[in-house]
2 protein chains.
Amino acid sequence: MSELTTARLSVYLRCLESLDASGVNTVSSQGLATQFQLNAAQIRKDLAHFGEFGIRGVGYYVKDLKRHLRQILGLDRSIKVVIIGAGNLGVALADYAGFRLDGFDVVALLDTAREKVGQYSRSGVPIRHARELERLVEREKIDIAVVTVPPDAAQETVDGVVAAGIRAILNFSPVSPRVPPHVKLKNMDLTITFESLSFFLANGHVDP
Amino acid sequence: MSELTTARLSVYLRCLESLDASGVNTVSSQGLATQFQLNAAQIRKDLAHFGEFGIRGVGYYVKDLKRHLRQILGLDRSIKVVIIGAGNLGVALADYAGFRLDGFDVVALLDTAREKVGQYSRSGVPIRHARELERLVEREKIDIAVVTVPPDAAQETVDGVVAAGIRAILNFSPVSPRVPPHVKLKNMDLTITFESLSFFLANGHVDP
DNA sequence: CTCTGTGAACCACTTCACAGCA
DNA sequence: TGCTGTGAAGTGGTTCACAGAG
């Protein structure tokens with residue numbers, strides 16, 4: 001299943017939540033498409049991969065489809081997250097309000113700096129020593145590790161995360177660590193993102 | 001020019017910087033490909049869009065190609081960045097060390113909260129009132145706006161940024177604001193990213 | 001008659017394979 | 001000979017267009 005498809009499922013879920021909040025009961029793929037600037041055929045095709053959720057001549061029941069999407073995305077339970085690297089970015093992510101709402105539970109921040117261990121983030125996430133990772137994973141059934149350590153520590157951190165049995169990693173450091181095939185690694189490389197924008201500024205405006 | 005191509009140019013630049021730091025003078029597309037797990041033909045094709053930088057039978061001069069890529073990516077000058085929304089994430093980004101190294105200069109954080117305005121981030125980025133945006137853009141020739149405001153303020157913030165004349169926006173809020181066609185908007189949606197990982201955990205391990 | 005689910009056509013990006021230059 | 005630059009082939013993802021269910 002394509003990355004792009006699953007990202008769109010998230011978008012659809014968000015659209016449906018908005019419609020549901022407005023009291024809308026049913027929506028057609030065409031309705032979704034025009035309201036949220038999507039492609040109707042693509043919506044139908046994306047959804048059809050997972051079952052027949054629509055009713056011909058009617059569309060989709062908003063609440064029904066919402067529930068299906070939540071389940072497909074694995075959001076029908078709390079997802080436990082640990083953040084490794086209690087620097088600016090790590091702590092900011094731990095305190096990011098959006099997560100809690102969407103069922104993501106940041107269990108701990110991990111770091112090796114003596115003066116950070118034992119502290120709490122503003123929103124109350126405890127900072128613990130990185131060596132506790134294995135124990136934490138075992139006891140708390142961690143689902144996702146977020147890596148916000150300096151680039152030269154990224155690969156060893158990721159290795160530790162994999163060894164601890166975590167199968168999904170979100171990496172913010174500007175390197176692409178190696179992971180075994182059963183582990184899903186997603187890189188959020190801010191430098192690449194900024195350089196893309198810079199490229200557009202340098203070249204984008206010239207084209208006819 | 002494809003998004004994917006420009007992202008790869010950033011990757012190539014990083015690889016070349018690493019080679020240069022190791023004292024390597026020339027490298028072939030094959031050399032780059034095997035060392036950094038890329039595709040040799042793709043490297044050649046990506047580069048060939050912008051000129052003939054290689055020498056047949058030899059490869060590419062590392063320092064030369066580095067300079068060319070910097071120029072193509074628009075990194076041969078300082079890029080001025082303003083961050084709108086001095087919350088956890090905005091301040092963390094302002095203090096992110098990686099930027100300064102790569103020629104990105106965070107000129108200011110903007111916010112509307114009276115108690116934040118006048119303060120400084122840990123690394124010394126001043127927090128100013130959001131209404132100063134237009135003046136700041138005019139005086140400082142801002143290139144990129146980073147939007148880290150709450151979702152319901154995202155569209156109006158982006159509208160203001162566009163009105164101020166900024167043509168490249170990096171948006172972290174979980175909505176996709178509308179922008180006119182001459183403006184480049186890049187969304188970094190953490191919720192979608194986490195939900196993709198959740199999807200993988202829920203479905204990835206089953207496939208044969 | 002409306003709207004879904006889906007094969008077929010289309011398009012974009014990637015990889016292959018080779019002509020030709022150093 | 002070794003490697004680039006590039007047309008041709010291949011791959012995967014998107015859009016079209018319609019048969020058929022409700």
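Note on naming: letters A, B, ... go to the chains in the order of the sequence lines (proteins, then strands), and numbering restarts at 1 for each one.
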Problem set entry | Euclidean distance, atom CG of residue Asp46(A) to atom C1' of dT4(C) [Å, nearest integer] | 14 Å
Seminar exercise, completed: Between CZ of Phe50(A) and P of dT4(C) the distance, given in whole Å, is 18 Å
For this session: Kindly state whether the ring of Phe194(B) and the ring of Phe104(A) have centres lying under 6.0 angstrom apart.
Result: yes
Exercise. Among Arg14(B), Arg70(B), Lys66(B), which residue meets the salt bridge (Lys or Arg N to Asp or Glu O under 4.0 Å) test with Asp20(B)?
Worked result: Lys66(B)
Problem set entry | Ion pair Arg139(A)/Glu134(A), N-O distance below 4.0 Å | no
For this session: Whole angstrom is fine here: how far is it from CD in Gln37(B) over to P in dT15(C)?
Result: 14 Å
Problem set entry | Sugar-phosphate or base contact per nucleotide [nucleotides 3-13 of chain D; S, B, -; heavy atom under 4.0 Å] | BBBBBB----S
Exercise. Is Gln155(B) reaching over with its side chain to a backbone N or O of Arg178(B), donor-acceptor style, under 3.5 angstrom?
Worked result: yes
Exercise. side-chain hydrogen bond (donor to acceptor under 3.5 Å, both in side chains) with Gln35(B): which residues, sequence neighbours excluded?
Worked result: none
Exercise. Taking only side-chain nitrogens and oxygens of Asn39(A), does any of them come within less than 4.0 Å of OP1 or OP2 of dT14(D)?
Worked result: no
Exercise. Would you call Glu140(A) and Arg135(A) a salt bridge, taking side-chain N to carboxylate O under 4.0 Å as the test?
Worked result: no
